[in-house]
Student: 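A single structure is presented below for examination.
Note that the structure is predicted; figures quoted are calculated from it, not measured.
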Amino acid sequence: MAQKPAIPKGTRDFLPSEVARRTYIFDTIKSVFKTYGFAPIETPSFELSTTLMGKYGEEGDRLIFRILNSGDKMKKADVEALNEGNLPRFANSLAEKALRYDLTVPFARFVVQHQNELSFPFKRYQIQPVWRADRPQHGRYQEFYQCDADVVGSDSLLYEVDFVQIFDQVLTRLQIPGFTMKINNRKILSGIAEVSGEADKLIDITVAIDKLDKIGEDGVVEELRQKGVSETAIATISPLFTITGSNEERLAQMKTFLSASEIGLKGIEELEFVLEQTKALGLERAEVEFDVTLARGLNYYTGAIFEVKVHDVKMGSICGGGRYDDLTGLFGLSGLSGVGISFGADRIYDVLNELDLYPSDADASLTLLFANFGQSEAAYCMRLSKLLRQKGVDCEVYPSDAKMQKQFKYADNRKVKFVALIGENELKEGKLQVKNMETGEQIAYTEAELLAFFTA
RNA sequence: GAGGUUGUAGCUCAGCUGGUUAGAGCGCCGGAUUGUGGUUCCGGAGGUCGCGGGUUCGAACCCCGUCUUCCUCCCCA
């Protein structure tokens with residue numbers, strides 16, 4: 001071994017026990033999605049650059065992994081653009097393909113492309129990896145799995161209500177003890193910008209107030225100034241920083257604040273509906289909080305905005321989502337409203353590891369190991385294994401007649417539930433020894449009894 | 001993309017102002033126990049000190065570059 005092999009930064013390997021835990025997470029999410037009527041689709045891991053570029057804001061483009069053209073296509077490089085200093089155009093000429101950055105934009109592309117094969121409202125879920133050329137940090141990877149559920153072709157707020165239930169169901173089933181679902185509405189943010197007289201600075205304003213809990217009131221004011229927001233506008237916005245009380249009380253205060261803004265009041269109305277319906281349905285573990293400062297960077301959201309954070313753990317949001325009225329419009333099909341959510345599987349995996357929340361059978365391994373006592377005994381065990389496997393029992397025969405100590409140690413490491421000891425004597429007497437590795441108890445069975453025991 | 005930080009055995013980490021042959025615990029392998037694991041006891045193997053260059057009589061330690069880790073921004077799952 002000349003040099004130790006390595007994997008790229010921000011990626012990870014998963015051992016069998018780790019994959020078992022991740023499978024448990026994926027299966028939990030899938031089963032809930034399914035009960036709400038979502039069906040799975042898949043899209044390619046990479047898309048045409050033009051499909052992705054420009055869909056995630058200025059910062060987003062920087063974080064998209066580009067795939068270098070190969071072979072003769074390299075000759076298509078736009079050297080002129082390079083000389084002119086137009087790096088984006090030069091990059092586009094070098095890389096016609098890019099790894100997907102999220103699952104929502106490819107889904108919008110998918111819907112437009114297959115519009116005549118789908119019936120609307122179209123509900124799909126999608127669990128696949130995405131890639132971001134971000135600087136890795138705790139809970140931040142360059143390759144990670146998103147678990148998305150979206151519905152397009154309906155502007156019904158009942159779907160927002162469903163998604164709130166889905167967040168609650170999934171995270172409750174995963175045994176996460178406490179988590180808060182923050183909810184806001186982009187129309188309320190538009191209303192704020194409108195009321196302050198800076199409607200054209202909507203993005204700057206929302207990005208700034210989104211940082212309230214991080215940089216504080218003074219920090220937000222400072223950032224607003226830097227972005228060129230007027231002092232009168234800042235003075236108008238400032239009272240929002242100190243809004244408190246229950247969701248109902250906050251909504252009431254916002255209603256007053258936005259009384260002059262039609263779009264703002266529309267946002268309040270939508271949010272009220274979702275919160276009322278949610279209250280009527282009830283929640284298991286989720287706490288719902290209306291947070292005016294919740295903005296979510298994605299600039300395609302137009303209505304509800306969601307974010308979920310786990311209590312008492314140092315981790316960014318584990319889920320996000322929202323409504324986007326015209327995402328498919330970017331690909332030439334307008335008039336379709338969509339709403340969706342995303343579970344960050346890798347962050348959930350990290351949280352569950354940190355809080356040690358896996359059920360004991362999440363990493364269950366082999367059910368039965370046949371100890372190997374030699375050629376003829378092993379041959380008998382192989383026949384018995386085949387019978388058991390046909391009944392769906394997972395089992396295997398130890399590959400060589402090594403010392404019992406070694407065979408048992410192997411069984412122990414593999415977390416095997418039972419070890420069968422079938423040597424010369426057992427075969428002669430027709431008494432097959434089966435040891436329970438947890439209790440240490442050992443029982444002799446006839447072949448028929450053994451088959452019955454494991455297939456019962 | 002900006003600034004900082006980390007890297008020593010499979011894992012977690014010691015290693016003094018630069019000074020012989022780089023250590024420990026756990027794990028691994030073997031034995032005590034030739035048909036019984038998870039406990040105990042005894043023994044053993046295992047390291048180009050992330051990589052490349054430089055300074056020095058001498059570098060795990062100092063300098064430069066690079067990769068990686070974690071952190072703060074940016075942004076986000």
Student: Figure out the NZ/C1' separation between A:Lys406 and B:rU33, and round it to whole Å.
Tutor: 16 Å
Student: Whole angstrom is fine here: how far is it from CD1 in A:Ile64 over to P in B:rC76?
Tutor: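 Interatomic distance, CD1 of A:Ile64 to P of B:rC76: 13 Å.
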Student: Between B:rC74 and B:rG65, how far apart are the two C1' atoms, rounded to whole Å?
Tutor: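 So the two C1' atoms sit 26 Å from each other.
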Student: Side chains of A:Asp78 and A:Ser93: is there a donor and an acceptor less than 3.5 Å apart?
Tutor: no
Student: Tell me: NZ of A:Lys403 to P of B:rU33, nearest whole Å?
Tutor: 10 Å
Student: Calculate the interatomic distance between A:Asp134 atom CG and B:rC76 atom P; express it in whole Å.
Tutor: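 From A:Asp134 CG to B:rC76 P: 10 Å.
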Student: Output the single nucleotide from B:rU36, B:rC70, B:rC74 whose closest atom is nearest the side chain of A:Pro136.
Tutor: B:rC70
Student: Please state the C1' separation for the pair B:rC57 and B:rU20 - nearest whole angstrom.
Tutor: 14 Å
Student: In whole Å, measure the gap between the P atoms of B:rU5 and B:rU48 for me.
Tutor: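 It works out to 28 Å between them.
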Student: Sticking with atom P, work out how far B:rC28 lies from B:rU17, rounded to a whole angstrom.
Tutor: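 To the nearest whole Å, 37 Å.
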Student: Report the base-pairing partner of B:rC74 (Watson-Crick or G-U wobble, both distances below 3.5 angstrom), or none.
Tutor: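 Its partner: none found.
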Student: Decide yes or no, distance alone: a donor-acceptor N/O pair under 3.5 angstrom between the base of B:rG37 and the side-chain of A:Asp412.
Tutor: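 Indeed there is one.
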Student: Is there a donor and acceptor pair closer than 3.5 Å between the side chain of A:Arg414 and the base of B:rG37?
Tutor: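 Under the 3.5 Å cut-off, the side chain and the base do not form any donor-acceptor pair.
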Student: A:Ser317 side chain: which of B:rC74, B:rA77, B:rG35 is closest?
Tutor: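 Looking only at side-chain atoms, A:Ser317 lies closest to B:rA77.
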Student: Between A:Gln433 and A:Glu426, is any side-chain donor less than 3.5 angstrom from a side-chain acceptor?
Tutor: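 Result is no, nothing qualifies.
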Student: How far does the P atom of B:rU36 sit from the matching atom of B:rC42, given to the nearest Å?
Tutor: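 22 Å, rounded to whole Å.
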Student: Select one nucleotide: of B:rU68, B:rG35, B:rC74, the one nearest the side-chain heavy atoms of A:Lys214.
Tutor: B:rC74
Student: Whether the side chain of A:Lys435 and the base of B:rG37 hold a donor-acceptor pair under 3.5 Å is what I'd like checked.
Tutor: yes
Student: Using a distance-only criterion (donor-acceptor N/O pair, under 3.5 Å, no hydrogens), is the base of B:rG35 paired with the side chain of A:Glu377?
Tutor: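 Such a pair does not exist between side chain and base.
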Student: Do A:Arg323 and A:Asn185 have side-chain N/O donor and acceptor atoms under 3.5 Å apart?
Tutor: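 Distance-only check fails for A:Arg323 and A:Asn185.
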Student: For B:rC75, does either OP1 or OP2 sit under 4.0 Å from a side-chain N or O belonging to A:Lys211?
Tutor: yes
Student: Looking at A:Gln433, does any N or O in its side chain come under 4.0 Å of the phosphate oxygens OP1/OP2 on B:rU36?
Tutor: no
Student: If you look at every strand shown and take non-hydrogen atoms under 4.0 Å, does A:Gly60 touch a base, only sugar-phosphate, or nothing?
Tutor: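 Touches nothing.
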Student: Under 4.0 Å between any heavy atoms, over every strand shown, what does A:Tyr141 touch: base, sugar-phosphate, or nothing? Just pick one.
Tutor: base
Student: Separation of A:Ile7 atom CD1 from B:rC67 atom P, in whole Å?
Tutor: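 One finds 17 Å between P of B:rC67 and CD1 of A:Ile7, rounded.
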Student: In the structure shown, which nucleotide is the Watson-Crick or G-U wobble counterpart of B:rA24, with both distances under 3.5 Å?
Tutor: B:rU12
Student: Closer to the 5' end of RNA chain B via nearest nucleotide, is it A:His138 or A:Gln146?
Tutor: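 Here A:His138 is the residue nearer the 5' end.
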Student: Give none if B:rG35 has no partner; otherwise give the nucleotide forming a Watson-Crick or G-U wobble pair with it, both distances under 3.5 Å.
Tutor: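 Pair assignment: B:rG35 / none.
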Student: Does A:Phe343 stack onto the base of B:rA77, taking stacking as ring centres under 5.5 Å apart and planes under 30° apart?
Tutor: no
Student: With sugar-phosphate meaning primed atoms plus P, OP1 and OP2, does A:Leu421 contact a base, only sugar-phosphate, or nothing at under 4.0 Å between heavy atoms?
Tutor: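 The residue A:Leu421 makes base contact.
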Student: Heavy atoms only, 4.0 Å cut-off, all strands: where does A:Gly219 land among base, sugar-phosphate and nothing?
Tutor: nothing
Student: Counting the atoms with a prime plus P, OP1 and OP2 as sugar-phosphate, which does A:Ser342 contact under 4.0 Å by heavy atoms, base, sugar-phosphate, or nothing?
Tutor: nothing
Student: How is A:Glu143 classified with respect to the nucleic acid when contacts are heavy atoms under 4.0 Å: base, sugar-phosphate, or nothing?
Tutor: nothing
Student: Please round to the nearest 0.5 Å and tell me the distance separating atom CD of A:Glu396 and atom OG1 of A:Thr367.
Tutor: 10.5 Å
Student: Check each of A:Thr180, A:Ile318, A:Ile341 against A:Val308 using the side-chain contact (heavy atoms from CB on, under 4.5 Å) test, and report the only one that passes.
Tutor: A:Ile318
Student: Starting at atom NZ of A:Lys409, determine the distance to atom C1' of B:rG38, rounded to an integer number of angstrom.
Tutor: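 In whole Å, B:rG38 C1' lies 9 Å from A:Lys409 NZ.
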Student: With A:Tyr398 as reference, evaluate A:Phe408, A:Phe370, A:Tyr410 under the ring pair (Phe, Tyr, Trp, His ring centres under 6.0 Å) test and give the passing residue.
Tutor: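 The ring pair (Phe, Tyr, Trp, His ring centres under 6.0 Å) with A:Tyr398 is passed solely by A:Tyr410 among A:Phe408, A:Phe370, A:Tyr410.
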Student: How many whole angstroms separate atom CD of A:Gln407 from atom P of B:rC29?
Tutor: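 My rounded result for the distance is 14 Å.
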Student: Does A:Arg132 get its side chain close enough to the base of B:rA77, under 3.5 Å, for a donor-acceptor pair?
Tutor: yes
Student: Would you indicate what A:Met437 reaches in the nucleic acid, counting non-hydrogen atoms under 4.0 angstrom: base, sugar-phosphate, or nothing?
Tutor: base
Student: Is it possible for you to check whether A:Arg347 lies under 6.0 Å from the centre of the six-membered ring of A:Phe144, through NZ or CZ, and within 45° of that ring's axis?
Tutor: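 A:Arg347 over A:Phe144 ring: no.
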Student: Taking the same atom, C1', in B:rG30 and in B:rU21, what whole-Å distance lies between them?
Tutor: 26 Å
Student: May I have the distance from A:Asp350 (atom CG) to B:rC70 (atom C1'), rounded to whole angstrom?
Tutor: 13 Å
Student: Taking the same atom, P, in B:rU8 and in B:rG47, what whole-Å distance lies between them?
Tutor: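 The answer is 15 Å between these two P atoms.
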Student: Which part of the nucleic acid does A:Gln137 contact within heavy-atom distance under 4.0 Å: base, sugar-phosphate only, or nothing?
Tutor: base
Student: My understanding is that only one of A:Asp134, A:Asp346, A:Asp350 makes a side-chain hydrogen bond (donor to acceptor under 3.5 Å, both in side chains) with A:Tyr141; could you say which?
Tutor: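 That would be A:Asp350.
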Student: Among side-chain atoms of A:Tyr301 and A:Asn184, is any donor-acceptor pair under 3.5 angstrom?
Tutor: no
Student: Scan A:Cys319 against the nucleic acid and name what it touches under 4.0 Å (heavy atoms): base, sugar-phosphate only, or nothing.
Tutor: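 The answer is sugar-phosphate, as A:Cys319 gets under 4.0 Å only of primed atoms, P, OP1 or OP2.
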Student: At less than 3.5 Å, do the side-chain atoms of A:Arg135 and the base atoms of B:rC71 form a donor-acceptor pair?
Tutor: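 Flag unset: no donor-acceptor pair detected.
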Student: For A:Glu223 and A:Gly139, take the nucleotide of RNA chain B holding the closest heavy atom to each; which residue's nucleotide lies nearer the 5' end?
Tutor: A:Glu223
Student: Mind checking the C1' distance from B:rG10 to B:rG54? Whole angstroms is fine.
Tutor: 33 Å
Student: Categorize A:Tyr410 for me: base, sugar-phosphate, or nothing, with a 4.0 angstrom heavy-atom threshold over every strand shown.
Tutor: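 The residue A:Tyr410 makes no contact with any strand.
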